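Computed from a prediction, not measured in an experiment: that's the story for all the values here. Residue numbers count from 1 along this sequence.
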Amino acid sequence: MTQPADTPPAPPPALPIIERRRIEAEILRHVYDVLAESHGVEVARTTLDKAVSRSAIAQGEKFRTELGRDPDLADFAAILPNWTAGDALSIEVRHAAPDRLDFDVVRCRYAEMYRDMGLGEIGHLLSCNRDGEFCTGYNPAMELTRTETLMTGGRRCDFRYRMKPAG
């Protein structure tokens with residue numbers, strides 16, 4: 001079936017975030033290796049952390065712009081399926097409200113993927129560190145507290161989001 005000439009083509013289906021992270025990791029592993037060889041592991045880790053943080057902030061800003069207002073944690077809960085799609089994360093929600101969102105990740109395919117790729121030692125830089133930085137772009141009044149992650153050997157990832165009081 002042909003499409004009428006004045007109809008724009010349909011956009012391609014959205015790539016699941018876990019697949020985007022896999023593609024990014026394939027590229028960033030080489031950047032990391034080159035930096036580690038030329039400037040040392042500490043510089044490579046710091047550079048990777050800064051670059052991924054900037055990306056996370058920009059992604060948060062994009063989501064906020066698309067929403068058209070400063071989001072709250074109910075808005076964040078509504079977009080959470082972007083990160084869980086394809087069973088990428090198994091989560092247990094503990095509390096959900098506009099000012100507080102608590103959940104535990106009990107299985108993380110992102111962590112499994114990075115380990116399978118041989119990137120377990122920098123997986124936290126590629127994914128986990130994005131979580132708090134995303135808030136900076138999405139809504140700077142959002143705060144994330146997390147005491148453990150599966151990526152770094154914890155028994156879960158304990159996400160505790162709060163909205164800072166206004167004022």
In plain terms, say whether [X] and [Y] are close enough for a salt bridge, that is, a side-chain N and a carboxylate O under 4.0 Å apart.
X	Y	result
D104	R156	yes
R162	D102	yes
R107	E92	no
E19	R22	yes
D158	R160	no

Does H39 NE2 have over 12 foreign heavy atoms under 6.0 Å away?
->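 No, not enclosed.
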
Would you say R115 has more than 12 foreign heavy atoms packed within less than 6.0 Å of its CZ?
->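 Counting other residues, nucleotides and ligands, CZ of R115 exceeds 12 neighbours.
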
Flag side-chain contact, heavy atom, 4.5 Å: [X] against [Y]:
X	Y	result
S127	M151	yes
F103	H95	no
T152	T149	yes

Nearest 0.5 Å, please: how far is [atom2] in [Y] from [atom1] in [X]?
X	Y	atom1	atom2	result
F63	Y138	CZ	OH	8.0 Å
C135	I57	SG	CD1	10.5 Å
D131	H124	CG	NE2	12.5 Å
K50	T47	NZ	OG1	7.0 Å
M117	M113	CE	CE	6.0 Å

Contacts of E61 that satisfy salt bridge (Lys or Arg N to Asp or Glu O under 4.0 Å) - sequence neighbours left out |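 With sequence neighbours excluded, E61 shows a salt bridge (Lys or Arg N to Asp or Glu O under 4.0 Å) to no residue whatsoever.
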
Any link between L144 and L150 through a network of hydrophobic side chains (Ile, Leu, Val, Met, Phe, Trp, Tyr) touching at under 4.5 Å?
->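 Both belong to a single hydrophobic cluster.
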
Linking I/L/V/M/F/W/Y whenever any side-chain heavy atoms sit under 4.5 Å apart, do L80 and F134 land together?
->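 As far as the 4.5 Å side-chain criterion goes, F134 and L80 are connected within one cluster.
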
Scan for side chain to side chain donor-acceptor pair (under 3.5 Å) pairs involving residues 71-90, sequence neighbours excluded, and state none if there are none.
->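 Checked against side chain to side chain donor-acceptor pair (under 3.5 Å) - neighbours excluded - the pairs reaching residues 71-90 are R69-D75.
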
Under 30°, 30 to 60°, or over 60°: which ring-plane class applies to F76 and Y161, parallel, tilted or perpendicular?
->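 Rings of F76 and Y161: tilted, as their planes differ by 30° to 60°.
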
Least distance between heavy atoms, C128 atom then R146 atom =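 That would be O-NH2, 2.9 Å.
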
Return the minimal non-hydrogen interatomic distance between P71 and R64, and the atom names on each side.
->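 Heavy atoms of P71 and R64 come nearest at CD-CG, 3.7 Å.
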
State which residue, out of L119, D49, V52, fulfils the side-chain contact (heavy atoms from CB on, under 4.5 Å) condition with L125.
->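 One option only clears the test, and that one is D49.
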
Among I122, L48, D33, I23, the one residue meeting side-chain contact (heavy atoms from CB on, under 4.5 Å) with L28 =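 Between L28 and the candidates, side-chain contact (heavy atoms from CB on, under 4.5 Å) is satisfied uniquely by L48.
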
So does [Y] get a backbone contact from the side chain of [X], meaning a donor-acceptor N/O pair under 3.5 Å?
X	Y	answer
R109	G86	yes
R29	E24	no
K164	P140	yes

Worked verdict on M163 versus M142 for side-chain contact (heavy atoms from CB on, under 4.5 Å) | CA-CA 5 Å; M163 295 301 293; M142 286 175 92; 3.4 Å; yes

Test log, rule side-chain contact (heavy atoms from CB on, under 4.5 Å), inputs I17 and Q59 = CA-CA 12 Å; I17 289 178; Q59 185 180 26; 4.1 Å; yes

Just do the side-chain contact (heavy atoms from CB on, under 4.5 Å) check on R130 and S55 with the steps written out, would you?
-> CA-CA 8 Å; R130 297 180 67 88; S55 173; 3.4 Å; yes

